[in-house]
**Q** 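Have a look at this one before I ask anything.
Numbered from 1 within each chain, the chains take letters A, B, ... in sequence-line order. The basis for the numbers below is simple: all heavy atoms, side chains too, and nothing from hydrogens, waters or symmetry mates.
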Amino acid sequence: MTSLSTTGSDTSARTFDRDDMMIVAASRALVGRRVCFVGIGLPSTAANLARATYAPDLVLIYESGTVGAKPSRLPLSIGDGELAATADTVVSVPEIFNYWLQGGRIEVGFLGAAQMDRFANLNSTVIGDYDHPTVRLPGAGGAPEIAASCQEVIVLIRQSPRTFVERLDFRTTVGFGDGPGDRERLGLRGSGPTLVITDLGVLRPDPVTCELTLSALHPGVELDEARAATPWELAVAPDLARTDPPSEVELRALRALLATRGGSS
Amino acid sequence: MTSLSTTGSDTSARTFDRDDMMIVAASRALVGRRVCFVGIGLPSTAANLARATYAPDLVLIYESGTVGAKPSRLPLSIGDGELAATADTVVSVPEIFNYWLQGGRIEVGFLGAAQMDRFANLNSTVIGDYDHPTVRLPGAGGAPEIAASCQEVIVLIRQSPRTFVERLDFRTTVGFGDGPGDRERLGLRGSGPTLVITDLGVLRPDPVTCELTLSALHPGVELDEARAATPWELAVAPDLARTDPPSEVELRALRALLATRGGSS
Amino acid sequence: MCVELTSRGAVAEIQSLADAVAATVHDGDCVAIEGFTHLIPVAAGQEIIRQGRKDLTLVRLTPDIVFDQMIGTGCARKLIFGWGGNPGVGSLHRFRDAVENGWPSPLELEEHSHAGLTNRFVAAAAGLPFAVLRGYFGTGLMGRHDSVKTVACPFTGETLAAVPALHPDVTILHAQQADRSGNVLMWGITGINKEAALAASRVLVTVEEVVDRLAAVPGGVVLPSWVIDSVAEVPGGTYPSYTAGYSERDNDAYVRWDAISRDRDTFRSWIDQHVMHATAAVHW
Amino acid sequence: MCVELTSRGAVAEIQSLADAVAATVHDGDCVAIEGFTHLIPVAAGQEIIRQGRKDLTLVRLTPDIVFDQMIGTGCARKLIFGWGGNPGVGSLHRFRDAVENGWPSPLELEEHSHAGLTNRFVAAAAGLPFAVLRGYFGTGLMGRHDSVKTVACPFTGETLAAVPALHPDVTILHAQQADRSGNVLMWGITGINKEAALAASRVLVTVEEVVDRLAAVPGGVVLPSWVIDSVAEVPGGTYPSYTAGYSERDNDAYVRWDAISRDRDTFRSWIDQHVMHATAAVHW
């Protein structure tokens, strides 16, 4: 993957790759948010980067029951001892799902997936037919209810014809279903995916059609590349923006965070 | 109330009244039981007497969430600090009701009431009409579900025409409902009240009719007195027994227990 | 039915008891005051009396002395409850007077078993419209109001009882400690406190003390600041109930209450003397 | 439907891991092995492999390495689960091989979301035939098996998802401590452990140590001896998972597992070497 650098600098501290940009963009999306439901991997890195930069009071909730975790190093699993040790409180799994998530107390949930369609529905179950899959993926975990009950959802997914698909092999998690009104019909109370952050740019649902619309491109990415990575006719916002590259502060904090990853990565 | 003494003794340690006999009889009913749901008052005294005598490993569960309480003094409320401090674990009220009681884990529950009918249904809600009561009683509390979900129920109630009634003013708690088959029809899973201990004797439900049948008289009580205290035609077991008077060991343990009651009584 | 999901405005504000009650409790509100035989926020209830709140729907598994006082002073229009008595002593005379004689005003009752009312809180905390339980069947509590219905298990066909979620406008609790960010710690018997807090639109917690760092204790239950609106430091605020680690239950006061509350005039002069002219926790 | 209420025979028996597994786990059983990313009873699962149990229905929110081993050695006929992966690493290759290629035997799947399977345990622990949740609607998980249905709220008319109670024949857990009476203490992330225990007919708990008196720790969860059947002392019994206060997660072992498990022969010789000839917790 090509590395880029922030404008007018050639120090290595300012070199970043597309994953870095994705994580930084996700961390920025958390500024002003209060309570975030976090999974391991990019979401956890982004949420902890937000804590380390512009959202020091962000409350992190992990599915394992840790509420208000303040890890000093990046956790490697959602049940990392560091999360429990630094949490305001550790509750049971039924309580996390029933009282905290379903109770509507979580502002933002982070999700990833193997496939996403234009209505931000997600597949993390199988590639191929369910009963005779080509690739059996891990499955739903907490994703369906995170997408149902968080007030907003941010999807982090790399953009390619393999991940952006016309038709999901399996719908694990509902974004906007088949389009406008579907979330309400299905009784899903949160607003759904308000933001999709990829390695190429940022997409937001159209307020009328619910279809994902490219609203920003990351530095060094041209519209043609985003279009090529999308098997459907990609909707593009008239005021297509350019993501600010990671600042020196953001990159330094990200490097410091990644350096804390214990064990193997 | 007249005091009696155990056979052949005139020491004051062996003097007992009818409440003592009731408590001792109830404590004996717990021998061989393992897990008991306890309310304050006579049930708590009886259960703790059982622990102090013949059932040292009896697990006491109070509605306040204390599981395995081992109070060294008689509690004055079900939320007494002594219960929490000596318990194996203290759980929430939803957990006590849903997991421990409704989950079917309690062997014996103790209940009292203001009124009882011949099918051991109980009233602890009102005397008189519900909407214009003569006496507004405290209400149901945990009683209906204790009666529904404990494997067996023991009722402790003083026997008089005021407490033993043809027709309850309000049915707070189901014993055997309107008779055979009613518990099953209502979906009540425990066996219901298998034992009613009064200040005069012991009643058990007839295995066929479910009607309470006098099976034993306490020392010093004659059948006529039990009949006079019962407004309906009291069924009497053919092998009507005589309760053994409290032993010296039982009375000494009871006195010691009552002496631990802190504050006012 | 889609329910609007909204996040709370901010972390808890630490304020005086008077300010906290003024900010969170309004005439006509549905007010749950919990604490199961322990951690009963008596001082907060008495502040509601001082502020003259009216028309409240009061909710509590076990209405006891503080509810007797609130009912006797005319704060309540309706009571949702499971067991209303003076624990270990007997009747609540002000409650009885309201129900039996309509004094000082009639009191509407929505009466449940403990398990039933507990599950109304559980459903609300869990963001569900109802909860299922084994209860009520065959009792006179069924059919007396519209908050108990039945539901069939879609797997076994079995009929079970259902109760609707109960969302108080405000839940009031007492806890041992809050930290300076407004995170709250309670331990010992915590009853239905967590569910009552998570069920409510607003949460007020009185605490024994505000500390720099919450204690690390076995059995501790933490409510994070961001689910609480107001915290007020009220040492001894549970009297004559108790706060494990801080105070003991005054059993004699419960007995004294029986005498005080039997007579309307005695009750009123007690309220005048002990509640109306006080500003914090009242010991008597 | 009336369910028979029966009390357990006695308090927990403290026995060897081999005896405990032999006593509680039988061919054809429904076996829940829990521990949410922490306290995973890996050694107990490996003892089941050593004893050659067959035809098991395995239940776990998050099947990981130990389930991969049990599936790859042919213990399982069916899997009830929510998320089956190698956390932080990727796929479970033995699980994939069973699902994708039927090796060593086909594996029937009953797949849920975490919230759904969680509530199957909750319903069982609570003695209810089903639980209600907001979930499944609009997803491919709905209608795939008969363990998700719908139920209408009798108060609002709203349609919600319902899942049936899950009663395992045996639930296996790991905890930090047991006392000599068989009371068990666990702390840290305790996941669905309490509900899984209370849902089951039999309960086996492996512990780091048997002590005279359980520690008094914040966040401790106690399961009393009278809801447990067997306790076995297996220090390090969660490796490569961890036990807070006793061991740390071996993250590298999870990565090594990826390589070991990719190839059937490598997997089989690893099992032979590390599991079949061991008697207690296996470190590798």
**Q** Between C:G84, C:G85, C:S241, C:G102, which shows the greatest number of heavy-atom pairs under 4.5 Å with chain B?
**A**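 Going by pairs under 4.5 Å, I would pick C:G84.
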**Q** For C:F95, which atoms come within 4.5 Å of any heavy atom of chain B: side chain, backbone, both, or neither?
**A**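 Only the side chain of C:F95 comes within 4.5 Å of chain B.
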**Q** Heavy atoms only, distances under 4.5 angstrom: which of B:D178, B:T134, B:I96 has the most pairs with chain C? Name it, please.
**A**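 Looking at each option in turn, the highest pair count goes to B:T134.
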**Q** For a quick test of reading the model, state the closest non-hydrogen atom pair linking C:S113 to B:E145 and the distance between them.
**A**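 Distance-wise, the nearest heavy atoms are OG-OE2, 2.8 Å.
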**Q** Chain B heavy atoms under 4.5 Å from C:A244: which part of the residue, side chain, backbone, both or neither?
**A**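 No part of it gets close to chain B.
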**Q** Look at C:G116, C:G82, C:A115 and state which one has the largest set of heavy-atom pairs under 4.5 Å with chain B.
**A**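 Looking at each option in turn, the highest pair count goes to C:A115.
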**Q** If we only count heavy atoms from C-beta on, is the B:P133 to C:V99 side-chain gap below 4.5 Å?
**A**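 The answer is yes, as the side chains (C-beta and beyond) meet within the 4.5 Å cut-off.
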**Q** Spell out, as yes or no, whether a donor-acceptor pair under 3.5 Å connects the side chain of B:R171 to the backbone of C:G138.
**A**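 At least one qualifying donor-acceptor pair exists.
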**Q** Can you name the nearest heavy-atom pair linking C:E111 to B:T125, along with the distance?
**A**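 C:E111 and B:T125 have their closest heavy atoms at OE2-CG2, 3.5 Å.
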**Q** So how far is it from B:L186 CG to C:Y136 OH, rounded to the nearest 0.5 Å?
**A**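 Answer for the CG-OH pair, B:L186 versus C:Y136, is 15.5 Å.
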**Q** Under 4.5 Å heavy-atom distance to chain C, tell me which part of B:S64 shows up: side chain, backbone, both or neither.
**A**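 When you check distances to chain C, atoms from both the backbone and side chain of B:S64 fall under 4.5 Å.
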**Q** Restricting to non-hydrogen atoms, name the atom on B:V174 and the atom on C:F137 that form the minimum distance, rounded to 0.1 Å.
**A**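 Scanning both residues completely, I find the closest heavy atoms to be CG2-O, 3.6 Å.
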**Q** Side chain, backbone, both or neither: which part of C:F81 has an atom under 4.5 Å from a heavy atom of chain B?
**A**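 When you check distances to chain B, only side chain atoms of C:F81 fall under 4.5 Å.
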**Q** Given heavy-atom pairs under 4.5 angstrom as the criterion, report whether the side chain, backbone, both or neither of C:T139 touches chain B.
**A**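 Both backbone and side chain.
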**Q** Of all the residues in residues 79-95 of chain B, which have a heavy atom that comes within less than 4.5 Å of a heavy atom in chain C?
**A**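 At a heavy-atom separation under 4.5 Å, chain C is reached by B:G79, B:D80, B:G81, B:A84, B:V90, B:S92, B:V93, B:P94.
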**Q** What residue, out of B:G139, B:P138, B:A147, has the most heavy-atom pairs lying under 4.5 Å from chain C?
**A**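 Answer, by heavy-atom pair count under 4.5 Å with chain C: B:P138.
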**Q** Measure from the side-chain N and O atoms of B:Q102 to the backbone N and O of C:L133, and report whether any donor-acceptor pair falls under 3.5 Å.
**A**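 Pair absent, no side-chain N/O of B:Q102 close to backbone of C:L133.
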**Q** So, taking the atom named CZ in C:R134 and the one named CG in B:L101, what distance separates them when rounded to the nearest 0.5 Å?
**A**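 Output value for this atom pair is 11.5 Å.
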**Q** So for C:L61, is it side chain, backbone, both, or neither that comes closer than 4.5 Å to the heavy atoms of chain B?
**A**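 For C:L61, side-chain heavy atoms alone lie under 4.5 Å from chain B.
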**Q** Is chain C contacted by the side chain of B:V126, its backbone, both, or neither, given a heavy-atom distance below 4.5 Å?
**A**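 For B:V126, neither part sits under 4.5 Å from chain C.
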**Q** Start with the C-alpha gap between B:S77 and C:R249, add the side-chain angles, then the distance that decides, and say whether side chain to side chain contact (heavy atoms under 4.5 Å, CB included) holds.
**A** CA-CA 10 Å; B:S77 92; C:R249 192 172 190 269; 3.9 Å; yes
**Q** Among C:D250, C:L92, C:I189, who wins on heavy-atom pairs under 4.5 Å with chain B?
**A**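 Result: the option with the highest number of such pairs is C:I189.
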**Q** Please classify the contact between C:N119 and chain B as side chain, backbone, both or neither, with a heavy-atom cut-off of under 4.5 Å.
**A**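 Just its side chain gets close to chain B.
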**Q** Mind checking what makes side chain to side chain contact (heavy atoms under 4.5 Å, CB included) contact with C:H145, not counting sequence neighbours?
**A**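 Scan of C:H145 (side chain to side chain contact (heavy atoms under 4.5 Å, CB included), adjacent residues dropped) gives C:E110, C:H112, C:S147, C:V148.
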**Q** Between C:L141 and B:F170, which heavy-atom pair has the shortest distance, and what is it?
**A**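 Heavy atoms only, the tightest pair is N-CZ, 3.7 Å.
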